[in-house]
Amino acid sequence: MDIKHIVSQLTLEEKASLCSGADDWHTEKIDRLGIPNIMMSDGPHGLRKVVDVDENEIWKGATVKATCYPSGAGLASSWNRELIYGVGKALGKEAKGEKLSILLGPAINIKRSPVCGRNFEYYSEDPFLAGKLAASFINGVQSEGVGTSLKHFAVNNHEYRRHSTNPIVDMRTLREIYLTAFEIAVKESNPATIMHSYNRINGCQVSKSKWLLDGVLRDEWGYEGIVISDWGGMNDRVASLDAGCDIEMPSSGGVRDDMIVKAVKEGRLDERILDKTVERILKTVYKYLPENNAPKADLEKNCGYAAFVAEETMVLLKNEKNLLPLDGERPLAVIGEFGSNIRFQGRGSSRVNAAYVEHPLKYIKRFNKAEVCYAPGYELSGDVNTPNEALINEAVACAKKCGRALVFIGLPDEFESESYDRADMRLPDSHNELVRRIAEEVPDTVVVLTCGSPVEMPWLDRVSTLFLTYLGGSGAGLALAGLLYGAVSPSGKLAETFPVKIEDNPAYLNYPGIYDDVVYAEGVFVGYRYYQKKKMKVNFPFGFGLSYTKFSYDEIVADGDRVKVKVTNVGKIAGKEVVQLYVCPPKSAVVRPDRELKGFTKIFLAPGESKWVEFTLDDRSFAYYDVRVNDWRVETGDYTVFVGGSSVDTPLSVVIKKQDKNPYVPEITDNTPLIDIINNPGYDGIRDEFLLGFFKPEMRIEAEKKGIHVSNQTVFPRKYQTPRMYVRGGKDTVTEDDIAESVKQFNNKLKNK
Ligand code: GLC
């Protein structure tokens, strides 16, 4: 397809029309030249293909029956690249069957605050994990010839005032935390499209941030796909096109296309930029044209696959009395409406019209040979918050009669959604009270928690057993029953920290911000990076999750940047383990997290089986972003590599020495602190003469007399002073020109070193 030739045949008006949608979901077509359109649809864990738009109600409108997979928070808890690739592939097939060309996902914004309404949809608080898993998802979908839309680029970490919010983020934090997941995904999967976010960053609307779209995304990361706006997220169409945003979605009915035409005619927009944009758009359209005879997916079969996936997304958080796996020989009380009607997805644009949904009670009854009693315990409509005494009493009686209970609690649908944030991290009072009362009466209580993001757990010390389902998709109930009865051993690990209370979260004091401005004052200390640096207690740490078996971490070997680890299943049943690798930097010129995730892999081990797991690290595994040179820097020193089954349980470690390959040796000025001149090895050989010009011999004699050996490496009492402070009159006059001359000579010697 000679795209350039096609572009050369287009009129200016036709080119401009291609830069916005034809409607809510389609790109524009040009019948005159036979240019087709393609259809895009949500979402990140199931198709939301709108087939009958209800103009009066956003999110409504009939959508096709589809398979709902675990939402992003759950998918990420699998830590399983291959599994997520498989989900992508299955969604790609389903999309193909519906003639969809672009699936609007994955959504990978970093979980800065636990109360962000869309955290259920997002992957993690850690950019490495989010980026790697997003790449797997994208490669899976695109392996079926269906494109994706990596979103929301970037720094869209809360729903509060989302269309006008202005995160204020320092460059190091931006690079290390909020851009890295997108960078990894772009470089490892080349998504067909990237959806830019609604917000500003440091005062600049993302939709017209040339630095971010053309600069970072395209020039630095080599991205070759197209950038689409979030729906209704377009700002200043001409500046946005110039900045690198290709398609405004949805259509603005030609209003903004006309702005493009006018700008070109008036010489405010170079038509060559428009041509390049149209080329990118047409390349994407022709690359992802739908297959005409693609078969519709078998939704019933896919529901079974969704259950298989969900098994790895649920996380066993407590099992102190080994109540799990349950035996089916004893009566069991199933308490809580989520047990009969599990919440399996979140609200908003990711909403799926699920063709099938498997609820827990049906399958618990199959696994449990003895009697199963059920009591709703609370209401999921009307006043969901106020404890209902009658329902609680009924539930307590049911639990006492059976002698053991599964208590299903969680966040009702309206508690977490796109377009608004949670007010706090609380569960409904009715759910907290139910757990308290049941656990008080029935020691063998297992709590099953269904939510898309962390919650406070006032009853946690009273409960020995806790299972987190997240939002498990169509197959949630079947997957959960299999896990509870040991058909499969849990292998999920948290991809986000569960703090004790919202006030502990590093964003708390700067959330949701002042009017539109939200200062990301915590910097890189997001999630576990913060809690570990502060040595703060959390309910459940990043990377944590229990199994029905046990794994031992036996050996670690490092060979250059390659690290090998031997892991053994020392338990009696088979299981999967997520082997996690964290890097701890040496004492640094900047404040750095104590450890950061730089490797993970999930392995299956039969009882008694051992496997060696290999990680290949690279410079970025050791680097921080140095804003002095706007580039990544690996400082010289000893890096400790920790490996284990969670961010707080890393029994193996090894030291890897690194050398700064590009040391920072700037020219000095009359305001360079002497400590910087003393400490920087790049000044070796020219330092002494310069310093002694200031530290007159008598000062050295004076110090020596006091028995203080003054060497250039010894920290001078004047370490923070600067050359300009040595201007003085009298016997040994030193003028500002003298200082300037000394500095100039020093820099000349540096240049000639
Ligand atoms: C939204 C969402 C985005 C979604 C789009 C289309 O407002 O932010 O994630 O893909 O609209 O529904």
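Every number for a ligand or one of its atoms is a count from 1 in the order of the listing.
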Q: Under 6.0 Å from the ring centre and within 45 degrees of the ring axis: does the NZ or CZ of Arg81 meet both conditions for the six-membered ring of Phe600?
A: yes
Q: Report yes or no: do Asp230 and Tyr198 form a side-chain donor-acceptor pair below 3.5 Å?
A: yes
Q: Would you kindly specify which portion of Lys151 sits under 4.0 Å from ligand 1, judged on non-hydrogen atoms: side chain, backbone, both or neither?
A: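 Near ligand 1, Lys151 shows its side chain, while the N, CA, C and O stay back.
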Q: Check this for me - ligand 1, Trp25, N or O atoms closer than 3.5 angstrom, yes or no?
A: no
Q: Looking at His152, which atoms of ligand 1 are within less than 4.0 Å of one of its heavy atoms?
A: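 Answer for ligand 1: 3 (C), 8 (O), 9 (O).
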Q: Before signing off on this row, confirm whether Glu121 and ligand 1 have an N or O atom pair separated by under 3.5 Å.
A: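 No, since none of the N or O atoms of Glu121 sits under 3.5 Å from an N or O of ligand 1.
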Q: Give the atoms of ligand 1, by number and element, whose distance to some non-hydrogen atom of Arg48 is under 4.0 Å.
A: 12 (O)
Q: Within the 4.0 Å heavy-atom shell around Arg118, which atoms of ligand 1 are there?
A: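 Matching atoms, with element in brackets: 2 (C), 3 (C), 8 (O), 9 (O).
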Q: Which atoms of ligand 1 sit under 4.0 Å from any heavy atom of Ser349?
A: 2 (C), 3 (C), 4 (C), 9 (O), 12 (O)
Q: Is the centre of the Trp79 ring less than 6.0 Å from the centre of the Phe128 ring?
A: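 No; Phe128 has its ring centre 6.0 Å or more from that of Trp79.
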Q: Regarding Asn505 and Tyr511, do their side chains bring together a donor and an acceptor under 3.5 Å, going by distance alone?
A: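 Not at all, the side chains of Asn505 and Tyr511 share no donor-acceptor pair under 3.5 Å.
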Q: Which residues satisfy the side-chain contact (heavy atoms from CB on, under 4.5 Å) test with Lys29, sequence neighbours excluded?
A: Asp31, Asn37
Q: Check whether any heavy atom of Met249 sits under 4.0 Å from an atom of ligand 1.
A: no
Q: Counting both backbone and side chain atoms, is some N or O of Trp231 under 3.5 Å from an N or O of ligand 1?
A: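 No, there is no polar N/O contact under 3.5 Å.
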Q: When you look for heavy atoms under 4.0 Å from ligand 1, do you find them on the side chain of Arg162, its backbone, both, or neither?
A: side chain
Q: If we ignore angles and hydrogens, is there a donor and acceptor under 3.5 Å between the side chains of His152 and Arg162?
A: no
Q: Is it the side chain, the backbone, both or neither of Met40 that has a heavy atom closer than 4.0 Å to ligand 1?
A: neither
Q: Can you list the atoms of ligand 1 that are under 4.0 Å from a heavy atom of Tyr198?
A: 1 (C), 7 (O), 8 (O)
Q: Just by distance, no angles: are the side chains of Ser453 and Arg422 close enough, under 3.5 Å, to form a donor-acceptor pair?
A: yes
Q: Can you sort out the partners of Asp246 under side-chain contact (heavy atoms from CB on, under 4.5 Å), two or more places apart, ordered by chain and number?
A: Arg218, Ile226, Val227, Thr277, Arg280, Ile281
Q: Identify, by atom number and element, the atoms of ligand 1 in contact range of Met195, meaning under 4.0 Å from any of its heavy atoms.
A: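 Under 4.0 Å from Met195, ligand 1 has these atoms: 3 (C), 10 (O).
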Q: Between Glu94 and Asn302, do the side chains contain a donor N or O and an acceptor N or O under 3.5 Å apart?
A: yes
